[in-house]
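Input: a single structure, listed below in C-alpha cells.
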Amino acid sequence: MNASTPMNNAILQVEHLSMKFGGLVAIGDLSFTAKRGEITALIGPNGAGKTTVFNCITGFYKPSEGMITLNRADGSSFLLERLPNHEIPARAKVARTFQNIRLFSGMTLLENLLVAQHNKLMKASGYTVLGLLGFSGYRKVEAESVELAKHWLEKADLVDRADDPAGDLPYGAQRRLEIARAMCTGPELLCLDEPAAGLNPKESAALNELLMDIKNTSGTSILLIEHDMSVVMQISDHVVVLEYGRKISDGNPQSVRTDPRVIAAYLGVDDEEVETVLIEVGDENVIEQLDTGPDAAHGPGTSSSFLAGPVTDTVGHSEGERVTVSKGASKAAQVDARASATPRKPSERATAKPAGKPPTAKPRGGRK
Amino acid sequence: MAVTTSPERDTVATPVQRALKEGFYAGAIALGLFVLFIGLKTGQNISNELVVTTRWILLAGVVIATAVGRFLYVAYALPFMASQKIANVATGVLPDSLASRFFRFPAFVVAAVVAVILIAGGSYLTPVLGPFFGDFARSLRALSIVYALACAIYYFRAFIHANFTKLGITVLVLYPIVVVAILSLMSWSVVAGLQGSLKWVDNFGIQILIYVMLAWGLNIVVGLAGLLDLGYVAFYALGAYSYALLATHFGLSFWILLPTAGAMAALWGVLLGFPVLRLRGDYLAIVTLAFGEIIRLVLINWREVTNGSAGISGIPKVSFFGLMSFNVSDSNYIAKVLGIAQSGAYYKIFLYYLILGLCLLTAFVTIRLRRLPVGRAWEALREDEIACRSLGINTTTTKLTAFATGAMFGGFAGSFFAARQGFVSPESFVFLESAIILAIVVLGGMGSLVGIAVAALVMIGGTEALRELDFLKKGLTWGDTTIIPGFGPDFTPELYRMLLFGMAMVIVMLWKPRGFVGSREPTAFLKVRRAVSSSFTKEGHG
C-alpha cells in the first residue's frame, strides 16, 4: 500500500505477502511499511499470523507470495525472501528475538553476546586459522567485542551478572538479555516477538525504557509484536493490526485505538457488545451505520477465515456491493459488513450465507 | 482420635533388628536368583552327555555373603552415615570426615617407614622370613605404599585440584621413565627393566592415550557441537588404512602420512556431514552408525585394495624423524646410533611420547578452538540451533567444521594405531569401538577434557587391569591348602570386562548423571571465571 513511500524513509517494505501452509492461509496479501528510526508495532489477536510475518521477514519461512524489501542506511537494499536464513542477520542486518526465549542457557551472559558477534569475530580470526595460530589482530577485535557486549549488558542492566549462565537469570532479565544479544549483531532493524510477555509492570516499564533508548541512541528501527497495550501505545510510532492473516488497520496508535474493526477483532465481542464498545469509543458514525440493521443470518460462521481461502474470495456482486464469502470468524469483517449500510436481498443472502451461527465472544484458538 | 494404631507401629525397630530382617530377605532373594545361575552348572562328559554339576558350597558362599553384607550395611553403615550428617550440639561442627579420620598423620609416618624398610630389604624377604611370611611381607609392603600414596594425595588434595592439568601432564611425561627406573631398580638390570616396561608403557600407557585422543576428538562433535555421532570409528579406520596403504605401497614416511591421514578423514567427515546436516537427534545417530558400518564393510569387501578381512600387515614403523630407526636391521638403528643395548622397549617408549604429543595437540587445539568464535558457535549450536541462525551464524559450515575437526583427530589416531600395531584389519573398527569411545565421552562429561581423560583411564585402564587378575583363577591359598577355590585355569576375567564396564557405567550415571566433570568452563569472562553448572547446559539434539 505504501509503495509510494520514499525508499530512504522506509526501512522495511512488505508487499503482498502471503504465507500458506497447505490449504491454510496464515498470511493473506499483507502489505505494510516500517519507517526508519521508528517503532512499528504489529498487533492482533492470538493466531493472527504476527509471528509468521516475523518468520518470513527473518527467513525462517519462505513466503508463498510477495516481496519483503529491506533498505539499509548505506543505500543497499535486500529482498529478504531471497536471502538464506543466516544471511538476513549477517548482511541485511535484521535481528530478532523469540516469543519463547531462546538463549544459550548453558553459556554465560558475556558468551551469549559474543556468539552474537560471530561473523565479525570469525573474520577477525581469519576464519579460525589465524586465531588458532595466535595472531594478535584477533585479540584486539575480541577485546572490542567484549567492550560492545559490556555496553549492551550495561544498557540491559545485567552487567553484574555477566559471568553467570544465562539459564540462571529470572524471566524478565532473560528477555532483556535476548534483546541485548540481538543488538550485539549491530542490526538496523530489530524484530521483537512479544518482548513484554510475562513481565510484571515494573519490568515492562524498564523494557519500554530500553526500547526507547535503543531507538533514540543506536538508530535501530524496531518492529514489535506485542499484546501488552501499555507497551504498544506508549512507545510505538506506527501500529499495524492483523486479524487472521489480513491487515485490518494501519496507522498511528491513536487512530488504531479508535478503529472499530480493531476493537471488534481484538476484543472478540458479541454482536450487541460491538455496539457497546463502539459507544465507549465514541465513533458515532459507525453507531449510526450499525443501527441500519444488522442481520444475524449474514453473520459469521464458525469456520476460521484462514481455512476459507485467500482474500480474492471476496467477490464483487452485480449491484456493485461487496459481500465477503464465508469470512467466518473475522470480527473485523463483521464490523465491515455492518458498516456497509446497503440492505441485501434475501436471495443474495442465501448465496452469501455461511454456516450461520451467532458469533460468540470466546477467545479463538488457532494457529500460533 | 478414632485412629487405632497397631502395636507394631509403636515400637521402632532398632537398626540391628531391621538389619536382621533385611539381611534375611536379601539372602532369600539371592538364593532365588542364584540357585540356577551358580548352584547348578551344566557341562558335557567325555561321551558328549549332558551332566549337571552342583556347586552348593559356592552358592551358599554367595548367599551368605549377600545376607551378611546387607546386614552390615543396614545395621552399621547406614547409622554411621546418618551420624556423619549430624553436627555436634555443643560445638556446632560436623564430625571429622571419614577420609581425615582414615588418613592420620602418625599412620602415614608408620606406613612410610614400613614401606621404606621393606623396599630396602626387598631381596632378603623370602630368605629371612620364609616363603609364607615373605609373601605376607610383600603384601604389607604393597599396602603400606598404597596407603602412604593415598595419604599424600589426601593431604595435597587442594594443591592437586588447583594444578590438576599441570600435574597430570608431568605425570604422563615422567611415566615411562619412572616405570623403567622402578623396574630396573627392582631387578638391578636396565635391560630387564626395559623389557618389563613393555607391558606398562604399551598395554596401559599407549592404549589408554589412544582412547583419550579418540574421545577428545569425538568430544568436539558430541560434547561441543552436540551432534550425536555413533560412527566415529569410521574416521579412525580411514586414518589407519590411509597410513597402512600409502606406507606399504608408496613407502611414504609416517610424518608425511600423519597429516595426510588427518586430511583424508576430515574430507570424509565433510562428505558425511553434507547429507546428514538436516538430520537431528536419533536420525543423525542412525545415519552416522550406518556410515561407520559402510566403511567397515567396504574395508572387508574391497579385497583388491584393502586385502579384505585378512587385513594389511607389514606396515612400516615410525622413524625418529628419519634420523634414527627402530628396525634392528637398519644401519641407523637407535641402539647403534646411541651405543646402547638393543631393546624393543625404545620403540614403545617413543610411541608413547608420540601419542602423548598427539593427545596434547588435540587438547591444545580444542582449548584454543573453544575460545575462538567457531568453538563458541559449536557450543551455541548445541544450546540452540534456531537462535544461532537468528544471529547470522551459518549453521551448515559450523556443523561441517565440527565434523571435519573431530574426524581429523580420529584420522591422526588411526594412522598412529596402524603404525603401532604394524597390522590393520576391519576387525579393529567394529561398532563396539564407537560405542566405547562415546561411552568415555559421556562418562567423562561432555565437553570436559579432564573428565574424559579420567574416564578413558578408568574404562580402558580398568579393562586392561582385568587381564591381571590371576588370583581369581588360583583362588586364595594358605600354603598348600585352598581356603577359597578359584575359578580354575579356564576362567578368563577379561571376558567379564563388558559386564563390569556396563555396571560401572550404570553406577556412574546414577551417581553423576552428567559425567565425572559435568560443569562447563566459560570461554570468556568479565570479572571472574565461574564454572557453569551442568543443570544449565544442554546435550544438544542432533
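Sequence lines set the chain letters: A, B, ... in the order given, protein chains first and strands last, and positions in each chain run from 1. All values below were derived from every heavy atom in this structure, side-chain atoms included, with hydrogens, water molecules and symmetry-related copies excluded. All values reported here derive from a predicted model rather than from experimental measurement.
- Contact record, Lys527(B) with Asp160(A): NZ-CA, 4.5 Å, taken as the closest heavy-atom pair.
- Counting heavy-atom pairs under 4.5 Å between each of Ala116(A), Ala149(A), Cys191(A), Pro187(A) and chain B puts Ala116(A) at the top.
- Environment of NZ in Lys166(B): sparse, with no more than 12 heavy atoms of neighbouring residues, nucleotides or ligands closer than 6.0 Å.
- Looking at every heavy atom in both residues, Ser390(B) comes nearest to Pro89(A) through O-CG, 3.3 Å.
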Would you check, one step at a time, whether the test side chain to side chain contact (heavy atoms under 4.5 Å, CB included) holds for Phe525(B) with Thr108(A)?
CA-CA 8 Å; Phe525(B) 62 99; Thr108(A) 65; over 6 Å; no
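- For Glu178(A), no part lies near chain B; criterion is any non-hydrogen pair under 4.5 Å.
- In this structure, Lys123(A) places its NZ atom where only 12 or fewer heavy-atom neighbours from other residues, nucleotides or ligands lie under 6.0 Å away.
- Here Ala380(B) is the residue among Ala380(B), Ala524(B), Pro522(B) with the most heavy-atom pairs under 4.5 Å with chain A.
- Enclosure of atom OH in Tyr171(A) by more than 12 non-hydrogen atoms of other residues, nucleotides or ligands within 6.0 angstrom is indicated.
- For chain B, no part of Leu109(A) is nearby; none of its heavy atoms comes within less than 4.5 Å.
- Only the side chain of Arg520(B) comes within contact range of chain A, with at least one heavy atom under 4.5 Å from a heavy atom of that chain.
- Between chain A and the residues Thr396(B), Leu526(B), Val365(B), the largest count of heavy-atom pairs under 4.5 Å involves Leu526(B).
- The shortest distance between side-chain heavy atoms of Val532(B) and Met107(A) does not fall below 4.5 Å.
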Report the C-alpha separation of Arg181(A) and Leu391(B) in whole Å, then their side-chain angles, then the decisive distance to 0.1 Å, and conclude whether the side chain to side chain contact (heavy atoms under 4.5 Å, CB included) test is met.
CA-CA 8 Å; Arg181(A) 187 181 68 180; Leu391(B) 297 172; 3.7 Å; yes
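- Proximity of a side-chain donor or acceptor of Asp163(A) to a complementary backbone N or O of Arg529(B) within less than 3.5 Å is not detected.
- At a threshold of 4.5 Å between non-hydrogen side-chain atoms, the residues Ser105(A) and Glu383(B) count as touching.
- Shown here is Trp268(B), whose CH2 atom has no more than 12 heavy atoms of other residues, nucleotides or ligands within 6.0 Å.
- The heavy-atom pair separating Arg376(B) from Leu121(A) by the smallest distance is NH1-CD1, 4.2 Å.
- Residue Asn119(A) touches chain B through its side chain alone, counting heavy-atom pairs closer than 4.5 Å.
- Counting heavy atoms from C-beta outward, Phe536(B) and Asp168(A) have side chains that approach closer than 4.5 Å.
- Heavy-atom pairs under 4.5 Å with chain B were tallied for Ile88(A), Thr97(A), Leu114(A); the largest tally goes to Leu114(A).
- For Arg371(B), the part lying near chain A is the backbone, with the side chain staying farther off; criterion is any non-hydrogen pair under 4.5 Å.
- By the 4.0 Å N-to-carboxylate-O rule, Asp164(A) lies close enough to Arg530(B) to be salt-bridged with it.
- In terms of modelled atom types and a separation under 3.5 Å, the side chain of Asp384(B) and the main chain of Phe104(A) share no donor-acceptor contact.
- Of the residues listed (Ile393(B), Val374(B), Leu372(B), Thr397(B)), the one engaging Met122(A) in a side-chain contact (heavy atoms from CB on, under 4.5 Å) is Val374(B), and it is the only one.
- Proximity to chain B (any heavy atom under 4.5 Å) is restricted, for Thr185(A), to the side chain, taken from C-beta onward.
- Contacts of Pro170(A) classified as side-chain contact (heavy atoms from CB on, under 4.5 Å), with partners at least two apart in sequence or in another chain: Arg161(A), Ala173(A).
- For the pair Glu111(A) and Thr523(B), the minimum side-chain heavy-atom distance is below 4.5 Å.
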Do Thr395(B) and His86(A) pass the side chain to side chain contact (heavy atoms under 4.5 Å, CB included) test, and can you show the C-alpha distance, the side-chain angles, and the key distance before you say yes or no?
CA-CA 8 Å; Thr395(B) 50; His86(A) 65 270; 5.8 Å; no
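- For chain B, no part of Arg91(A) is nearby; none of its heavy atoms comes within less than 4.5 Å.
- The neighbour count for Lys150(A) NZ, taken as heavy atoms of other residues, nucleotides or ligands under 6.0 Å away, does not exceed 12.
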